[in-house]
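Heavy-atom basis, side chains included; hydrogens, waters and symmetry copies ignored.
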Amino acid sequence: QVQLLESGGGVVQAGGSLRLSCVASGRTFRSYGMGWFRQAPGKEREFVAAISSTGLSKTYGDSVKGRFTISRDNAQNTVFLQMNSLKPEDTAVYHCAGGGSAWPRSSIDDYDYWGQGTQVTVSS
């Protein structure tokens, strides 16, 4: 069993930056690809970014390419999401996900474990 805990959310003005962190419990963290998803009120959960177990392979959703960067520190059991040039449409609850495979994946169904999420609000 893996537990995921996100942090780093907050309120920021458009054009600003935030860095989200997700700390995982358990020794198997380094075996899993990890992902970030987000969900805005009234909308479906959306893929943001994913990273392989080694950190060498990454993939991003079209709406965040060039602005967000995913990374991980396996020694610290942590995955990060650096968010730059934030826009009001980035406002959502951001969830960390893991498990199922060593590869980065963009489908919600491919992940076994989910965090509770951290709120990101971007004001115009």
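A donor-acceptor pair is defined here as one N or O able to donate and one able to accept, closer than 3.5 Å; such a pair exists between the side chain of His95 and the backbone of Gly115. In this structure, Glu6 contributes its side chain and Leu20 its backbone to no donor-acceptor pair below 3.5 Å. The backbone N or O of Ala24 sits less than 3.5 Å from a side-chain atom of Asn77, completing a donor-acceptor pair. Remark: the backbone N or O of Ala49 is not paired with any side-chain donor or acceptor of Lys58 at under 3.5 angstrom. The backbone N or O of Gly9 sits less than 3.5 Å from a side-chain atom of Thr118, completing a donor-acceptor pair.
Considering SG of Cys96 and CH2 of Trp114, their distance stands at 9.0 Å, rounded to 0.5 Å. A distance of 9.0 Å separates CG in Leu18 from OH in Tyr94, rounded to the nearest 0.5 Å.
Nearest heavy atom pair, residue Asp110 against residue Arg105, reads O-NH1, 2.7 Å. Closest approach of Gly117 and Val93 over heavy atoms only: CA-CG1, 3.8 Å. Across all their heavy atoms, Thr59 and Pro104 have their closest contact at CG2-CB, 3.9 Å. Among all heavy-atom pairs drawn from Gly98 and Met34, the shortest one is CA-SD, 3.5 Å.
Take Ser17 and apply the side-chain contact (heavy atoms from CB on, under 4.5 Å) test, not counting sequence neighbours, and it matches Gln82, Asn84.
In this pair, Phe47 and Phe37 present their aromatic rings perpendicular. The plane angle is above 60°, beyond the 30 to 60° band. Using the six-membered ring where Trp is involved, Tyr32 and Tyr113 have ring planes that are tilted, between 30° and 60° apart.
Side-chain contact between Thr91 and Val120 is absent, with no heavy-atom pair separated by less than 4.5 Å.
Sparse packing is recorded around CD of Gln3, with 12 or fewer heavy atoms of other residues, nucleotides or ligands lying under 6.0 Å away. Counted within 6.0 Å of CD on Glu89, heavy atoms from surrounding residues, nucleotides or ligands total more than 12; the atom is thus considered enclosed.
The pair Asp90-Lys87 does not meet the salt-bridge criterion, since no charged nitrogen lies less than 4.0 angstrom from a carboxylate oxygen.
Grouping the Ile, Leu, Val, Met, Phe, Trp and Tyr side chains by contacts below 4.5 angstrom, directly or via other members, places Leu86 with Leu81.
In this model, a donor atom of one side chain and an acceptor atom of the other lie less than 3.5 Å apart for Ser63 and Glu46.
Judged by the 6.0 Å distance and 45° axis criteria, Arg72 is positioned over the aromatic ring of Phe29.
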Evaluate the side-chain contact (heavy atoms from CB on, under 4.5 Å) criterion for residues Thr78 and Phe80: first the C-alpha distance (whole Å), next the side-chain angles of each, then the deciding distance (0.1 Å), finally the verdict. CA-CA 7 Å; Thr78 304; Phe80 304 98; 3.5 Å; yes

